[in-house]
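Take a look at the structure below.
Every number for a ligand or one of its atoms is a count from 1 in the order of the listing. Predicted model, so just to flag it, every value in this text is computed and none were measured.
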Amino acid sequence: MILDANKQVIKTAVCSLMRGDVVVFPTETVYGLGGDATNDLAVAKIYQIKNRPTFNPLIAHFFCIEQAQEYVEIPLAAYRLAQTFWPGPMTMILRRKEGCSISLLASAGLEYIGVRIPNHPVALALLKTFGRPIVAPSANMSTKISPTSAKDAMSALNNQNLLIIDGGKCKVGIESTIIDLSYGKATILRPGAITREDISKFMKISDEASTETKSPGQMKRHYSPNSSMRLNVTHLRPEEVLLGFGNAKDVWPSSGEHICLNLSESGDLGEAAANLFSMLRELDQLNPSAIAVMPIPNEGIGVAINDRLTRAASQK
Ligand code: TXA
Ligand code: MG
């Protein structure tokens, strides 16, 4: 059931969370499937609904830094990042405090938890009214495309009977940047709207850790449509649909009817990120022989777009 966000709906959602139920809510990145982080049964429900392997930990969401500090250690360097980028599309992997009541299932038994303060009024109102952290993966079946609208969340979870709070289209459109601070060196486990350059102003970023092993969710095949995909396409083949970026005319064959959605005609990478998942989903529903994607500049948030496209295109 999709309900427009308002005070009453937030109260209803909080009652559901108190009971150990899950709710879908908007954030600035993607819609999340949220549950009480301190309730093992609620956390188990999230894994079950998404059909997600339980070795893949969840991100805990908070409404302010002080609240997060009740549960995790925030070292000085991380605190500076937190002050600059929270609320916002950044997740830091931080150490649990002794006696931390967040379910161990949520962090897949790890000493370290993904922590984020989302920059969306509905998410913040929900977190504040609930008063406890909410664990929330993206509101889609495991390995599939993340939803960036309430309607997409409904179909991404196979129309299961869940409360979905509609807070409009997600402005960022790509999941948060994940920074691992769990072993002395800072590494980026998942690129996002907060770029390596942004973070490098505050701390040195190491390239050492293998993203495959450190972030269990960073599996190669992820964000996947059902159709096959062809990346960096400069000439469209028959029967393909096009996901364009910038001027798509040159890629267009002179004859035949083709379908094209353009991530950003003006070549704006932020706009492209915000449109990426919804357009991929729309093209996928046409069952094309392949979704052909034009080259995306690998700079700024373009790094995150290319990361998602490469995973979406991976056959493994
Ligand atoms: O933007 C976002 O981060 C969205 C919204 C809803 O906040 N959430 C999201 O969650 O993308 P999810 O579960 O789809 O992706 C979380 C990623 C996974 O790749 C997971 O492996 C990694 O974060 N992760 C979570 N906790 C971790 C931990 N303790 N150590 C290493 N990686 C972790
Ligand atoms: Mg996800």
Is there a polar contact between ligand 1 and E175, counting only N or O atoms under 3.5 Å apart?
no
Out of P57, P26, P53, whose heavy atom is nearest to atom 27 (C) of ligand 1?
P57
For F130 together with F63, are the ring centres under 6.0 Å from each other?
no
Going by the 4.0 angstrom heavy-atom rule, the piece of M92 near ligand 1 is neither
Would you tell me whether Y112 and R95 have side-chain atoms, one donor and one acceptor, within less than 3.5 Å of each other?
yes
Would Y112 count as being in polar contact with ligand 1, using the rule that some N or O on each side must be under 3.5 angstrom apart?
yes
Flag H61 as yes when one of its N or O atoms lies below 3.5 Å from any N or O atom of ligand 1, and as no otherwise.
yes
Quick one, I164 with F25, criterion side chain to side chain contact (heavy atoms under 4.5 Å, CB included). Give me CA distance, side-chain angles, the key distance, then yes/no.
CA-CA 6 Å; I164 300 176; F25 66 98; over 6 Å; no
Would you tell me which option among T29, I178, I174 has the nearest heavy-atom contact to atom 23 (O) of ligand 1?
I178
Among P89, S138, G34, the residue with a heavy atom nearest to atom 9 (C) of ligand 1 is S138
Taking both backbone and side-chain atoms into account, decide whether S138 has an N/O/S atom under 2.8 Å from the Mg ion (ligand 2).
yes
Report, in ascending order of atom number, the atoms of ligand 1 lying under 4.0 Å from any heavy atom of R116.
1 (O), 2 (C), 3 (O), 5 (C), 7 (O)
Would you mind running through ligand 1 and noting each atom that sits below 4.0 Å from a heavy atom of L110?
29 (N), 30 (N)
With the threshold set at 4.0 Å, does a side-chain nitrogen-carboxylate oxygen contact exist between D166 and K151?
no
K171 versus N119, side-chain donor and acceptor atoms under 3.5 Å
no
Taking the six-membered ring for Trp, is the centroid-to-centroid distance between F202 and Y79 below 6.0 Å?
no
If we number the atoms of ligand 1 from 1 as shown, the ones under 4.0 Å from a heavy atom of N56 are 18 (C), 20 (C), 21 (O)
Of G114, A136, G32, P147, the one whose closest heavy atom lies nearest atom 8 (N) of ligand 1 is A136
Answer yes or no: is there a donor N or O on one side and an acceptor on the other, between the side chain of K50 and the main chain of L33, under 3.5 Å?
no
Would you confirm whether H61, through its side chain, and I117, through its main-chain N or O, come within 3.5 Å as a donor-acceptor pair?
no
